[in-house]
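FYI, the numbering just counts along the sequence from 1. This is a predicted model, so every value here is computed, not measured.
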Amino acid sequence: MPSGQAIDLAARHLGLVEPTPHFAVLATNATSGIEERLFTQTSQLLAEHDYTHYGVCSRDLADGRMFVVALSFRWLSLRPVPRQAALGTVIVLEGSLNAGHLAPELAVETPNGEVVRGAPMAGPAFALHVPTHAPGLYRVELLAQGRFGTEVVANFPVYVAVAAPRSVELSPSDTRAASPAERTEVLLGLINRDRKRAGLAPVVLDAALGRVAAGHVQDMLDHGFVGHTSTTTGSCVDRLARAGIRSSLVLENIGRGASLADVHAGLMDSPGHRGNLLHPQATNVGIGIAVGGAPSQGAASSGQSTQADYLVTEVFTRVTPRLESSAAETLLDAVNRARKSKGQEDLHQDSVLRTIAEHAARKYFETPAKTDAEIVREAQVELARSQQRARSIGAVVAIVGNLADLATLNAVLDGTARDVGIGLAQGNRPDTFPGAICAVLLLAH
């Protein structure tokens with residue numbers, strides 16, 4: 001089989017917008033039994049996907065004949081979109097989902113490699129607009145909710161102020177990855193290579209996540225489907241919960257291809273999956289790989305497979321690092337940078353407010369049943385006993401896995417705020433993820 005990258009190039013050159021086709025291939029020098037073997041291979045594919053379109057080709061070989069069946073699923077009607085456009089053009093996607101798909105959602109990879117993702121629409125009809133501010137490749141993807149959760153219904157490139165390519169640079173072969181551990185290391189290496197290129201920290205291989213990912217791969221093979229939501233195990237969050245894994249971030253990729261390089265390239269060419277691979281808060285990954293179980297099948301003159309097809313699940317989570325002693329000062333610096341970008345004056349740490357905020361943050365973990373509202377009320381009682389009565393005090397309580405999330409809250413960017421008390425505590429509660437951070441911010445106006 002050609003590489004997935006080459007097939008994608010051809011599919012987009014011909015104007016296909018849906019995920020690239022799956023193939024059944026039979027090359028044989030036999031004079032009988034050909035029809036039965038081709039029927040068997042095609043039937044296997046038809047049992048695993050709700051295909052809507054097909055194409056068939058046969059060619060004479062020097063010592064026999066080759067048959068190729070291409071199968072595709074088109075779950076939308078889309079008004080034509082130009083393949084090439086001038087700078088400043090608005091890329092317009094208008095159409096409607098079909099086959100029971102709903103909630104269209106746009107994801108776009110911009111020329112600088114960033115992924116911009118919109119909110120799901122009510123659907124099935126959609127009218128979406130993508131502005132173009134820089135020359136280069138805009139990879140446009142439309143996601144929707146189907147039988148097995150979030151599914152890609154369209155994924156295609158638009159070339160803005162640059163020519164569409166007529167060739168592709170292929171990834172190196174990974175045929176030396178013979179053992180399960182070697183295959184996992186190949187994918188992990190590809191993931192971290194691209195995270196490094198994006199200026200991100202590497203993710204760490206997590207054995208517990210790997211067991212969840214491998215279990216989902218086996219579930220898909222056992223029940224003949226490819227998707228994020230299983231009728232037997234539910235969603236990725238459900239699977240992690242049963243494994244006793246909790247995290248503030250849960251992301252899942254599912255890919256398939258003739259090689260591990262093809263699988264990774266396909267995920268990177270999908271804005272939604274690329275956003276998961278390059279998520280800045282991801283710290284851990286679990287990888288599950290099945291060989292020979294993916295829907296795309298190849299066959300040699302004997303009728304047997306000549307290549308390894310891969311079905312892969314990747315699960316990304318965040319393990320919250322321990323708070324450093326300077327965390328409150330670091331957060332205040334980030335808040336003040338955000339305020340400065342909006343023309344606001346710096347906030348100043350108030351020692352009384354800080355002491356009360358620290359008491360409130362610690363109570364969140366010391367009394368697991370205590371709610372955010374109760375924490376705020378108790379902080380207000382302490383404020384009433386202090387010398388802060390003359391000022392208006394606002395309180396923010398947030399449970400986060402990343403302090404950077406707090407720097408852009410509307411409350412801390414309020415131009416009338418002058419002083420702040422920041423209290424941070426880290427711990428575990430049954431109703432949140434391990435290593436959660438409770439942040440209490442008291443803002444004096």
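- To the nearest 0.5 Å, atoms CD1 (I437) and CD (Q426) are separated by 5.0 Å.
- Using modelled atom types, one side-chain atom of H216 and one backbone atom of G227 make a donor-acceptor pair closer than 3.5 Å.
- Atom CD of E345 is surrounded by 12 or fewer heavy atoms from other residues, nucleotides or ligands within 6.0 Å.
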Give the C-alpha distance, both sets of side-chain angles, the deciding distance and a yes or no for side chain to side chain contact (heavy atoms under 4.5 Å, CB included) between V285 and L187. CA-CA 11 Å; V285 64; L187 265 185; over 6 Å; no

Applying side chain to side chain contact (heavy atoms under 4.5 Å, CB included), run through N253 and F316 and close with a yes or a no. CA-CA 8 Å; N253 282 347; F316 298 89; 3.9 Å; yes

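- Between R117 and L143 the shortest side-chain heavy-atom distance falls below 4.5 Å.
- In this structure, CG in N155 is found 9.5 Å from CD in E109, a value given to the nearest 0.5 Å.
- Looking at D219 and T232, their side chains do bring a donor and an acceptor atom within 3.5 Å of each other.
- With hydrogens and angles ignored, the 3.5 Å screen pairs a side-chain donor or acceptor of D262 with a backbone N or O of G4.
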Does the pair N192 and V203 meet the rule for a side chain to side chain contact (heavy atoms under 4.5 Å, CB included), with working shown? CA-CA 7 Å; N192 282 333; V203 287; 3.4 Å; yes

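- With T52 contributing its side chain and R74 its backbone, the two residues share a donor-acceptor pair below 3.5 Å.
- Taken to the nearest 0.5 Å, the CZ atom of R274 stands 7.0 Å off from the CG atom of D194.
- What you find for V212 and I245 is that their closest heavy atoms are CG2-CD1, 4.2 Å.
- Nearest heavy-atom pair, F365 versus A436, reported as atom, atom and distance to 0.1 Å: CZ-O, 3.3 Å.
- R429 places a side-chain N or O within donor-acceptor distance of the main-chain N or O of Y364, the cut-off being under 3.5 Å.
- N428 places a side-chain N or O within donor-acceptor distance of the main-chain N or O of G435, the cut-off being under 3.5 Å.
- Here R12 pairs with D8 in a salt bridge; the nearest charged N to carboxylate O distance falls below 4.0 Å.
- Taking each heavy atom of R354 and I422 in turn, the nearest pair found is CG-O, 3.5 Å.
- Using modelled atom types and a 3.5 Å distance limit, the side chains of T416 and H445 yield a donor-acceptor pair.
- Side-chain contact annotation: D238 with S235, donor-acceptor N/O pair under 3.5 Å present.
- Side chain of T233 to main chain of R239: no donor-acceptor pair is present (N/O by atom type, distance under 3.5 Å, no hydrogens or angles).
- For the pair S247 (side chain) and L249 (backbone), a donor-acceptor distance under 3.5 Å is present.
- For S179 and E182, the side-chain atoms include at least one donor-acceptor pair closer than 3.5 Å.
- Here the side chain of H223 pairs no donor or acceptor atom with the backbone of M220 at under 3.5 angstrom.
- Interatomic distance, CD of E185 versus CG of L190, reported as 11.0 Å (0.5 Å rounding).
- Annotation: H13, atom NE2; neighbour count of heavy atoms from other residues, nucleotides and ligands within 6.0 Å does not exceed 12.
- At a threshold of 4.5 Å between non-hydrogen side-chain atoms, the residues L347 and L332 count as touching.
- Smallest separation of non-hydrogen atoms from P157 and L137: CB-CD1, 3.3 Å.
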Side chain to side chain contact (heavy atoms under 4.5 Å, CB included) assessment of L406 paired with L409: CA-CA 6 Å; L406 301 170; L409 291 175; 3.8 Å; yes

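- No more than 12 heavy atoms of other residues, nucleotides or ligands sit less than 6.0 Å from atom CD of E324.
- Minimum interatomic distance between T229 and G149 (heavy atoms only, all atoms of both residues): OG1-CA, 3.4 Å.
- The two atoms that bring F433 and G401 nearest to each other are CZ-N, 3.6 Å, heavy atoms only.
- Residues L78 and L142 form no side-chain contact, since every pair of their non-hydrogen atoms from C-beta on lies 4.5 Å or further apart.
- Side chain of S72 to backbone of P21: no donor-acceptor contact under 3.5 angstrom is found.
- The 12-atom threshold is exceeded at CG of N112, counting heavy atoms of other residues, nucleotides or ligands nearer than 6.0 Å.
- Note that CG of L200 is 6.0 Å distant from CG of L278, once rounded to the nearest 0.5 Å.
- In this structure, the separation between CZ on F23 and CG on D309 is 12.0 Å, given to the nearest 0.5 Å.
- Considering Q145, E105, H228, E252 as possible partners of T150, the one that fulfils the side chain to side chain donor-acceptor pair (under 3.5 Å) test is Q145.
- Look at D50 and R147 and you find a salt bridge, because one of the NZ, NE, NH1 or NH2 atoms lies within 4.0 Å of a carboxylate O, short of that distance.
- Side-chain atoms of R139 do not come within 3.5 Å of backbone N or O of S270 as any donor-acceptor pair.
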